[in-house]
K.L.:
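Structure in structure tokens, see below.
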Amino acid sequence: LFSTYIGGDSLELPLDLNIKNNEITLLIKTQSSNYPCSVSGYDTTYNGAYDLAITKLDMTGSTLIGSTYIGGSNSESVDNFSLGGVDYRCEAEMQNDNLGNVYVYTASSSANFPTTPGVISNVKKGFADAVFFKLSPNLSNLVWSTYLGGSSSESGKSVRFDGTGGFYLAGTTSSTDFPVTPGALQTTKAGLAVFSDFYITHVNSTANSIIASTYLGVQGHDILAFMDLDMNNDVYICGHTGTPSQFIPTAGTYSNANGFNTIHKINSSLSSLFFKTKFGYYVSTPFQTITPNLAYSAFKVDSCQNIYIAGSGPNSFPTTPNALQPAYGGSENDLYFAVFSP
């Protein structure tokens, strides 16, 4: 139907894409000082290192509806957490509402990332903090923008609408002082400061207040890849654990004792756990001897609460009868696709 380049004279990397109101919205990280911006864009000047760029195209790919940089003097869309370097493809997420406003959740190492008055935090507290911002439909106005983090590092991985104007945010943190709320499922970080935990935070519609916030993790590294919600606003996250021996699945779940890949389900108030499980196998190959063995590419919960994952890895996963491809194909990586029951 159409095909187009979009970029400047340096490096562009795509992070996310949404279709809403017959518009295509792209979220990009760029090192180009001449990335195409619209005249009315919020910020038409490259700020340095890696900037974010948000661009809207029409459905023919021929018209630039709006385009803007946003960033500070250091890098945006940073992620200091990985096990075997497998998470680099999941550095930010974007949502669009019915009015065309754009919401982006990622992380920044810039102390001068643009923020707005009255939000959760106008100050970067650690090496890299998560950042959450809202742009107007034509990308000309920064409606609000906030940092979220503690005194060490955060990633900003995933954002979902809560259905009442607020947002659930999720990522990874190594901060012992990440903002959590009383009564949350886990109010202190597990393990030593050098290790990381998941976090999930529920914020209000203007990002000036935290409704609920929790850590989630065990001893060692826990690194989040994706989050999704079901129709009850219960929260599902997938990620990796660096210490399978410390991770105890809840009774009755499908699990594998040596699994490095994890799934959790938490209630909407972030105060109780429905279940958690680990899956996957670690098999050494000539190409790769690191864990975890599955790099996530996608994660989804459907209206019946079935849980879908897609990813790639070099190892042998269980397959089911009549699977399209029941055996690992070899070489460095295969795609893997699985569906878990509720």
K.L.:
Taking the side chain from T30 and the backbone from E12, do they hold a donor-acceptor pair closer than 3.5 Å?
P.N.:
no
K.L.:
Looking at every heavy atom in both F226 and A298, which two are closest together, and how far apart are they?
P.N.:
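Here F226 and A298 meet closest at CE1-N, 3.6 Å.
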K.L.:
Y105 and F167: aromatic ring centres closer than 6.0 Å?
P.N.:
no
K.L.:
When you compare the side chains of N256 and K278, does any donor N or O come within less than 3.5 Å of an acceptor on the partner?
P.N.:
no
K.L.:
Would you say the ring centers of Y236 and F299 fall short of 6.0 Å from each other?
P.N.:
no
K.L.:
Looking at M94 and L26, what are the two nearest heavy atoms and their distance?
P.N.:
CE-C, 4.1 Å
K.L.:
Please check: side-chain N/O of D162 versus main-chain N/O of N233, any donor-acceptor pairing under 3.5 Å?
P.N.:
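No.
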K.L.:
Please check this pair: side chain of D230 against backbone of Q305, looking for a donor-acceptor N/O pair closer than 3.5 Å.
P.N.:
no
K.L.:
Is S77 close to T106 at the side-chain level, that is, under 4.5 Å between some pair of heavy atoms?
P.N.:
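When only atoms from C-beta onward are counted, S77 and T106 do touch, with a gap below 4.5 Å.
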K.L.:
Can you name the closest pair of heavy atoms from I309 and F337 and give their distance?
P.N.:
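Nearest pair, atom of I309 first, then F337: O-CD1, 3.2 Å.
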K.L.:
Just checking F81 against H240, ring centres under 6.0 Å apart?
P.N.:
no
K.L.:
Could you tell me whether the side chain of Y147 and the main chain of I120 form a donor-acceptor pair under 3.5 Å?
P.N.:
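Not a single qualifying donor-acceptor pair exists.
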K.L.:
Strictly distance-based, threshold 3.5 Å: is any side-chain N or O of Q95 a donor or acceptor partner for the main-chain N or O of R160?
P.N.:
no
K.L.:
Closest heavy-atom contact between H264 and L273?
P.N.:
CD2-CD1, 4.1 Å
K.L.:
Checking side-chain contact (heavy atoms from CB on, under 4.5 Å) against Y35, which of D9, T68, T44, I28 comes through?
P.N.:
I28
